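Quick notes on the structure that follows.
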Number of protein chains: 2
Amino acid sequence: MTTLLTTSDVANIVALQGPRKVFTDLLDYVLADFLRWQEFDKCARVASHSATGVIELMPTADNELYSFKFVNGHPDNPQAGLSTVMAFGALAQVSTGEPLLISELTLTTALRTAVTSALAARALARPDSRTMALIGNGAQAEFQALAFHYILGIDTLHVYDVDADATRKLESNLASVAPSLRIVRFDGTAQAVKGVDIVTTVTADKAYATILTADMVEAGMHINALGGDCPGKTELHGDVLRMGPVFVEYEPQTRIEGDLQQMPADFPVTELWRVLTGQSGGRQSARDVTIFDSVGFALEDFSALRWLRDSAALHGIGTRIEVAPQLQDPKNLFNVVRTARIGQSALVQG
Amino acid sequence: MTTLLTTSDVANIVALQGPRKVFTDLLDYVLADFLRWQEFDKCARVASHSATGVIELMPTADNELYSFKFVNGHPDNPQAGLSTVMAFGALAQVSTGEPLLISELTLTTALRTAVTSALAARALARPDSRTMALIGNGAQAEFQALAFHYILGIDTLHVYDVDADATRKLESNLASVAPSLRIVRFDGTAQAVKGVDIVTTVTADKAYATILTADMVEAGMHINALGGDCPGKTELHGDVLRMGPVFVEYEPQTRIEGDLQQMPADFPVTELWRVLTGQSGGRQSARDVTIFDSVGFALEDFSALRWLRDSAALHGIGTRIEVAPQLQDPKNLFNVVRTARIGQSALVQG
């Protein structure tokens with residue numbers, strides 16, 4: 001039997017554990033997997049593009065577990081009352097192929113993206129970083145804010161979004177969850193980033209946008225660029241990428257999808273796992289500009305699915321479902337049809 | 001909200017409609033999609049191989065719908081009480097990325113594979129075919145037998161499997177569902193295929209096997225070869241492929257996975273859709289040997305998921321689940337966490 005987790009189930013896990021524990025625990029899962037990077041089968045995600053967005057599959061595996069995520073990106077969805085990003089995925093046993101867990105990954109993607117950003121920033125930003133600009137105050141903004149608050153000790157947030165309602169929503173949510181986090185609203189990106197230690201860009205527009213230009217970048221800044229994550233979708237002016245060392249998750253994928261898509265094929269980058277394992281240096285001085293060109297990688301979902309599996313088991317959350325029949329004789333698949341009792345409950349509550 | 005179908009749900013659909021209607025209806029869905037082959041985004045499946053088996057993702061899309069299947073193939077699974085093949089997948093809206101249906105595809109894969117075999121045989125076998133040899137009497141055997149019985153009018157089945165229990169199971173299941181189908185048991189492949197019109201090979205061993213050799217093949221036969229479907233897993237001796245025209249689903253995938261993997265890269269094959277649309281001929285004479293080297297293609301799962309969606313709606317079967325939250329403000333994903341009520345039922349029964 002396979003465990004199913006819905007968005008409410010994952011929200012219940014977060015509510016039970018509290019966001020601070022969720023972010024710090026999930027960071028341990030993601031870090032543990034980045035540290036054994038070479039044990040994973042890796043490939044760039046398989047994308048299906050349309051006029052309005054993209055649908056992607058993101059598989060990866062080690063010797064024990066296989067995972068994949070289905071995820072879309074449709075920037076105009078909010079106008080139709082739908083989320084820009086919706087996702088679900090599964091964790092399966094490599095030795096048998098059995099699906100162990102099928103879970104929503106919509107909420108979980110926001111959690112693991114924020115944790116990966118914080119993991120990179122902990123390795124790359126100045127250790128005394130306390131202020132962050134958050135450009136783009138949409139669905140992922142609270143998660144970024146809290147991950148940086150809990151993991152890096154960010155205490156002041158400069159916020160800006162072209163949609164003022166999004167900023168108001170962010171302020172209201174954060175006030176209720178992290179009242180000690182100081183929030184300052186700005187009227188533009190240039191004003192918001194002035195003097196901060198870390199700049200996080202997480203905007204949704206599927207376009208060659210230049211949210212951040214070189215004149216806005218100050219010595220010592222760490223730039224956490226999330227929204228350039230798809231061919232034709234960028235946030236940083238090319239000159240920003242030339243201001244300091246650029247770090248990526250999985251180079252072959254980021255060359256296609258990241259802000260890096262603007263640069264020549266031999267533009268130098270360093271994979272984050274190398275910094276985390278100590279094989280490459282990160283920041284050399286307090287005046288360096290460091291850039292994390294993040295697009296989201298399958299390994300992070302693998303880690304998140306492991307965390308979900310363990311958390312669901314711990315709290316007894318989830319529903320057991322049949323995606324393969326429980327057969328006395330595995331060769332007798334037809335018996336499922338022969339003995340089907342119409343109206344039988346399809347779900348066994350777990 | 002997304003509809004979830006478990007294996008019991010799909011078995012209930014089959015029980016409600018009866019297998020004859022299921023096979024003939026599903027054939028219409030698969031045929032309709034093969035006839036508009038060029039409207040689909042196609043790629044070879046994304047495989048992750050291990051020592052014991054393979055896990056694959058099979059995506060495809062037209063302008064309206066996107067589908068994918070997760071499926072494994074682990075030949076030793078029955079020894080551990082598990083099915084060789086387990087699968088599930090989803091259908092999503094291309095315009096928004098919203099997942100409409102998540103369904104088991106274990107039982108469904110057996111249904112759509114059998115229907116595709118029958119569709120190819122209807123186009124390629126001699127119209128007066130009445131006898132079929134079924135080599136390999138495992139999990140898929142009943143489905144193949146019934147599809148050929150209902151769709152081609154096969155009335156006599158020659159059966160053989162190295163595992164005599166599998167053959168007994170097949171006989172017992174078919175006797176209860178299709179008593180008019182005559183079944184004759186044989187002690188070897190050579191004996192079973194002698195004099196038949198159609199030979200179906202559906203064996204599970206992950207090896208370069210030669211279930212069928214050229215000396216067993218007679219003029220006029222149609223060969224429906226299913227078990228050579230993975231690198232390193234074949235059923236036909238290379239000489240068999242040289243005995244007549246070879247037909248495939250999607251050439252780039254079959255060159256890697258099919259019995260075709262044994263042949264040079266320029267060995268000529270014809271894609272089935274060309275025959276179905278009349279762009280290519282099939283059989284030229286009653287003495288031709290025709291070979292369908294089937295590996296299973298994403299398009300067939302797309303068709304099956306469409307059929308499941310329509311059947312589930314028709315019968316009111318399935319459970320509505322949340323893989324993305326229903327948000328009043330789609331930018332306020334965090335509200336799901338803020339308002340999570342622990343213990344709230346995660347599933348809304350549909």
Side-chain angles (χ1 to χ4, degrees), chain A residues 6-9 11-12 14-16 41 46 48 50 52-53 55 57 59 61 66 68 70 72 74 77-78 80-83 86 88 90 92 94-98 104 106-107 110 138-139 142 166 169 173 176 319 321-325 329-334 336-338 340 342 344 346-347, chain B residues 6-9 11-12 14-16 41 46 48 50 52-53 55 57 59 61 66 68 70 72 74 77-78 80-83 86 88 90 92 94-98 104 106-107 110 138-139 142 166 169 173 176 319 321-325 329-334 336-338 340 342 344 346-347:
Chain A
T6 65
T7 302
S8 301
D9 291 328
N12 283 347
V14 177
L16 275 165
D41 265 350
V46 183
S48 177
S50 67
T52 51
I55 298 178
L57 293 175
Y66 170 97
F68 80 88
F70 162 103
N72 76 300
H74 286 74
N77 269 2
L82 286 169
S83 300
M86 294 173 275
F88 69 95
V94 165
S95 59
T96 62
E98 192 180 19
E104 88 87 45
T106 304
L107 181 53
E142 290 84 352
K169 169 226 53 155
N173 280 331
S176 76
T319 307
I321 61 163
E322 250 190 333
V323 296
D329 171 7
K331 291 189 181 179
N332 200 353
L333 177 60
F334 190 77
V336 181
V337 174
R338 201 177 145 182
I342 293 154
Q344 187 182 18
L347 286 168
Chain B
T6 66
T7 302
S8 301
D9 291 328
N12 283 347
V14 177
L16 275 165
D41 263 351
V46 183
S48 177
S50 66
T52 52
I55 299 178
L57 294 176
Y66 171 96
F68 80 89
F70 162 102
N72 77 299
H74 286 74
N77 268 4
L82 286 169
S83 300
M86 294 174 276
F88 70 95
V94 165
S95 59
T96 62
E98 193 181 18
E104 88 88 43
T106 304
L107 181 53
E142 290 85 351
K169 168 226 55 158
N173 279 331
S176 76
T319 307
I321 61 163
E322 250 190 333
V323 296
D329 171 7
K331 290 189 182 179
N332 199 352
L333 176 60
F334 190 77
V336 181
V337 173
R338 201 176 145 182
I342 293 156
Q344 187 182 19
L347 287 166

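All of these numbers come straight from a predicted model, not from anything done at the bench. Chain letters run A, B, ... following the sequence lines, proteins first and then strands; every chain starts at 1.
To the nearest 0.5 Å, atom CG of residue B:Asn173 and atom CZ of residue A:Arg338 are 4.5 Å apart. Distance check, rounded to the nearest 0.5 Å: CD of B:Glu322 to OG1 of A:Thr6 gives 5.5 Å. Taken to the nearest 0.5 Å, the CG atom of A:Leu57 stands 3.5 Å off from the OH atom of B:Tyr66. In this structure, CG in A:Asp9 is found 9.5 Å from CD1 in B:Ile321, a value given to the nearest 0.5 Å. Rounded to the nearest 0.5 angstrom, A:Glu142 CD and B:Asn332 CG are separated by 6.0 Å.
Here the shortest heavy-atom pairing between A:Ser95 and B:Thr52 reads O-OG1, 2.9 Å. Of all the heavy atoms in A:Pro330 and B:Ala139, the pair that sits closest is O-CB, 4.1 Å. B:Met86 and A:Gly97 make their closest contact through CE-C, 4.1 Å (heavy atoms, listed as atom of the first residue, atom of the second, distance).
Partners of A:Thr96 under the side chain to side chain contact (heavy atoms under 4.5 Å, CB included) rule, at least two apart in sequence or in another chain, are A:Gln93, A:Glu98, B:Asn77, B:Leu82.
Contact annotation for B:Ala80: neither backbone nor side-chain heavy atoms come within less than 4.5 Å of a heavy atom of chain A. Only the side chain of A:Asp41 comes within less than 4.5 Å of a heavy atom of chain B; its backbone N, CA, C and O stay farther away. Proximity to chain A (any heavy atom under 4.5 Å) is restricted, for B:Val14, to the side chain, taken from C-beta onward. Of the two parts of B:Ser83, the backbone and the side chain both hold a non-hydrogen atom closer than 4.5 Å to a non-hydrogen atom of chain A. Contact annotation for B:Phe68: only side-chain heavy atoms (C-beta onward) come within less than 4.5 Å of a heavy atom of chain A.
Side-chain contact between A:Pro59 and B:Val46: present, with at least one pair of heavy atoms (C-beta onward) separated by less than 4.5 Å.
Formation of a donor-acceptor pair under 3.5 Å by the B:Thr106 side chain with backbone atoms of A:Val323 is found in this model. The backbone N or O of A:Pro78 sits nowhere less than 3.5 Å from a side-chain atom of B:Lys331 that would complete a donor-acceptor pair.
In terms of non-hydrogen atom pairs under 4.5 Å with chain B, the most contact-rich of A:Ala61, A:Ala110, A:Ala90, A:Gly81 is A:Gly81.
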